[in-house]
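First the structure, in the form of structure tokens, and then the observations on it.
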Amino acid sequence: AGAVNDVVARMDMTDEDIRRAMAAIAAVAGHHFSPDWIDRALPAYKSYLASMEVIRRVELPLEAEPASMVVLRQERRS
């Protein structure tokens with residue numbers, strides 16, 4: 001959770017940017033969510049975006065074998 005929280009703190013998108021993106025994505029999928037619903041879903045969606053960014057930052061060599069499961073472990077600092 002620590003790495004995700006660090007990413008959330010550094011996100012370039014404002015909450016309003018994310019709200020607009022959520023509404024646009026929903027509209028493309030044929031859903032129309034109320035602003036209140038989007039406000040309630042915002043914390044979970046921000047956590048999702050931050051988690052995806054943490055995964056994106058993991059460097060894997062091109063020759064790495066595909067895995068059926070990936071486990072990310074937080075580095076222990078001395």
Side-chain angles (χ1 to χ4, degrees):
V4 171
N5 291 336
D6 291 344
V7 171
V8 168
R10 293 189 307 264
M11 286 178 65
D12 292 336
M13 295 177 74
T14 66
D15 284 357
E16 190 55 38
D17 292 336
I18 297 170
R19 282 185 188 96
R20 282 194 298 271
M22 290 172 69
I25 292 166
V28 166
H31 302 288
H32 299 283
F33 298 125
S34 70
D36 185 53
W37 187 94
I38 290 175
D39 286 343
R40 288 192 316 268
L42 182 64
Y45 196 69
K46 286 174 63 174
S47 179
Y48 164 76
L49 291 174
S51 295
M52 293 306 296
E53 181 62 20
V54 168
I55 291 169
R56 188 189 69 77
R57 289 181 183 178
V58 173
E59 293 186 27
L60 295 173
L62 290 176
E63 64 274 1
E65 292 290 326
S68 59
M69 182 175 74
V70 175
V71 177
L72 300 177
R73 296 194 175 132
Q74 187 173 1
E75 292 182 33
R76 292 186 178 177
R77 297 180 185 173
S78 309

TODO: Taking side-chain hydrogen bond (donor to acceptor under 3.5 Å, both in side chains) as the test, write out the residues that go with S34, two or more places apart.
DONE: none
TODO: Determine yes or no for a side-chain-to-main-chain donor-acceptor pair under 3.5 angstrom, with D39 supplying the side chain and D36 the backbone.
DONE: no
Open item on the list: When you measure from the side chain of S47 to the backbone of P43, do you find a donor-acceptor pair of N or O atoms at a distance under 3.5 Å?
Closed with: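 No: the side chain of S47 does not pair with the backbone of P43.
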Task: Between CD1 on residue I38 and CG on residue D15, distance to nearest 0.5 Å - done: 12.5 Å
Task: Gap between atom NE2 of H31 and atom CE of M22 - 0.5 Å precision - done: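 Answer rounded to 0.5 Å: 12.5 Å.
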Task: Contacts of type salt bridge (Lys or Arg N to Asp or Glu O under 4.0 Å), residue E16, not counting sequence neighbours - done: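 Salt bridge (Lys or Arg N to Asp or Glu O under 4.0 Å) list for E16, sorted by chain: R19, R20.
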Task: Listed partners of A21 passing side chain to side chain contact (heavy atoms under 4.5 Å, CB included), at least two apart - done: M13
TODO: Is it possible for you to say whether L60 and V54 belong to one hydrophobic cluster, with membership spreading through side-chain heavy-atom contacts below 4.5 Å?
DONE: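 Same hydrophobic cluster.
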